[in-house]
2 protein chains.
Amino acid sequence: MFKLSRMTDYGVVLLSSMAQRPDCLSTAPDLADRTMLPAPTVAKILKALAKGQVIVATRGAQGGYSLARPAADITVAEIIAALDGPVALTACVDGSDDNCSVERLCPLAGGWNRINLAVKAALDDVSLADLISECGMSDPAFGAAPGITLQQ
Amino acid sequence: MFKLSRMTDYGVVLLSSMAQRPDCLSTAPDLADRTMLPAPTVAKILKALAKGQVIVATRGAQGGYSLARPAADITVAEIIAALDGPVALTACVDGSDDNCSVERLCPLAGGWNRINLAVKAALDDVSLADLISECGMSDPAFGAAPGITLQQ
DNA sequence: CAATACAGTACTTATTTAGTCCTGTTTATA
DNA sequence: TATAAACAGGACTAAATAAGTACTGTATTG
Ligand code: SF4
Ligand code: SF4
């Protein structure tokens, strides 16, 4: 159905929550509480985001995660790449991990490149900050206290 | 991994094959032969494309399918919509079939709309004819005889 | 009326994704 | 320096989705 994986969706929710506290670290259990998402899943997503250098981790007691850059410099394409792998609509476009088994025979091989690039460009054009500002989340009411995000 | 479903990919391959014979009908078994794809799957895809009005069916003996419009007037977005449902990156964008369970609580609800529209626009901008011409398939060597498409 | 070909739907299997768990490493602080 | 907090990494299980198959029904040609 051509949709984002739930991981990516959750990832953005988590990042948005982190963006509300730009100056302090957020721990995985903390974020799970704030967003009402299951803790193990949150931990998994954060690890992937850290690996993709979207966020940076501070280890040890009093550690946690923080955004690697200001929200305006984090693109949606990066987030998707960190959580879902590279954008590759078909197996035969440049940058895809896997190979289509009939690529050598298929007359269309390579034809998807242009579309893939267009989609990637669209995703590259939107930052985390854009996403947040477009839905009223930058409203000062949000983020005032832990738990306000996804709870009522 | 943010990719097209195999159905959609196959669908485009089938449509390309049909586009090579604009003036005659192609039957499902015939297309299966030409593309080397499994016959039942081909039949399923063609039914979906017909339902989505990308191709038109002629029933009865000597029947078959043909493109509903010239290849230049069929967009990739239409093909995806016919085979995979509407483009809806998340459950909360306009036009999505399903509803996110936390939509009423999620601060990001609706924030994806802009991205979704951008992706849709990118897909709307490319026609079947573009796709074909970009990979050398319009080369007269292709389509000369049945079976040349995906066979060697 | 017999053969061909699409329409629709239900079902099974395969693949992918999501979710869980466990073990190891790093670091602040008492 | 011992302890607890917190991340890293990977293995495993369960759930959801997609793919593939099969069958019954309807329309059309000759
Ligand atoms: S080579 Fe052909 S069948 Fe394979 S992914 Fe590309 S377009 Fe699809
Ligand atoms: S409402 Fe929030 S969690 Fe649900 S699909 Fe939209 S962005 Fe994702």
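Basis for what follows: all heavy atoms, side chains included, without hydrogens, waters or symmetry-related copies. The chains referred to below are lettered A, B, ... by the order of the sequence lines, with proteins before strands, and numbering in each begins at 1.
Per the geometry, NZ belonging to B:K51 stands 8 Å off C1' belonging to C:dG8, to the nearest Å. Atom-to-atom, CG of B:L31 to C1' of C:dC6 comes out at 13 Å; the value is rounded to the nearest Å. We find that CD of A:Q53 is positioned 15 Å from C1' of D:dA8, with the value rounded to whole Å. Summarising the geometry, the separation between CD1 on A:I45 and P on C:dT20 is reported as 11 Å, rounded to the nearest angstrom. The nearest whole Å value for the distance from the CZ atom in B:F2 to the P atom in D:dA18 is 14 Å. Across the protein-nucleic acid pair, A:L46 atom CG and C:dG19 atom P stand 14 Å apart, rounded to whole Å. Straight-line distance from the CG atom of A:L49 to the P atom of D:dA6: 19 Å, rounded to whole Å. Nucleotide D:dA19 holds its C1' atom 13 Å from the CG atom of B:L83, rounded to whole Å.
Under 3.5 Å, the side chain of A:R59 and the base of C:dT27 form no donor-acceptor pair of N or O atoms.
B:Y10 has no side-chain polar atom (N or O) that falls below the 4.0 Å cut-off from OP1 or OP2 of D:dA18.
Contact detail for B:G110 and B:C92: the closest heavy-atom pair is N-SG, 3.7 Å. Scanning all heavy atoms of the two residues, the minimum distance from A:L49 to A:A82 falls at CD2-CB, 4.2 Å.
Here the side chain of A:K44 is nearest to one of D:dT21, D:dC7, C:dT20, namely C:dT20. For B:P40, the side-chain atoms get nearest to D:dT21 when compared with the rest of D:dA6, D:dT21, D:dA8. Taking every side-chain heavy atom of A:Q62 into account, C:dA28 is the closest of C:dA7, C:dA28, C:dT20.
Annotation: of the two residues near DNA chain C, A:K47 and A:A61, the 5′-most nearest-nucleotide partner is A:K47. Residues A:G63 and A:K3 each lie close to DNA chain D; by heavy-atom proximity, the contact nearer the 5' end of the strand is made by A:G63. Both A:R6 and B:L4 sit near DNA chain D, but only A:R6 has its closest nucleotide nearer the 5' end. Two residues, A:P38 and A:G60, neighbour DNA chain C, and the one matched to the more 5' nucleotide by heavy-atom proximity is A:P38.
Here A:A43 lies out of heavy-atom contact (under 4.0 Å) with every strand.
Under the 4.5 Å side-chain criterion, counting only non-hydrogen atoms from C-beta, B:L37 is in contact with B:L14. In this structure, B:K3 and A:L89 have side chains that are not in contact, with every pair of non-hydrogen atoms separated by 4.5 Å or more.
Atoms CE and CD1, from A:M18 and A:I74 in turn, are 8.5 Å apart once rounded to the nearest 0.5 Å.
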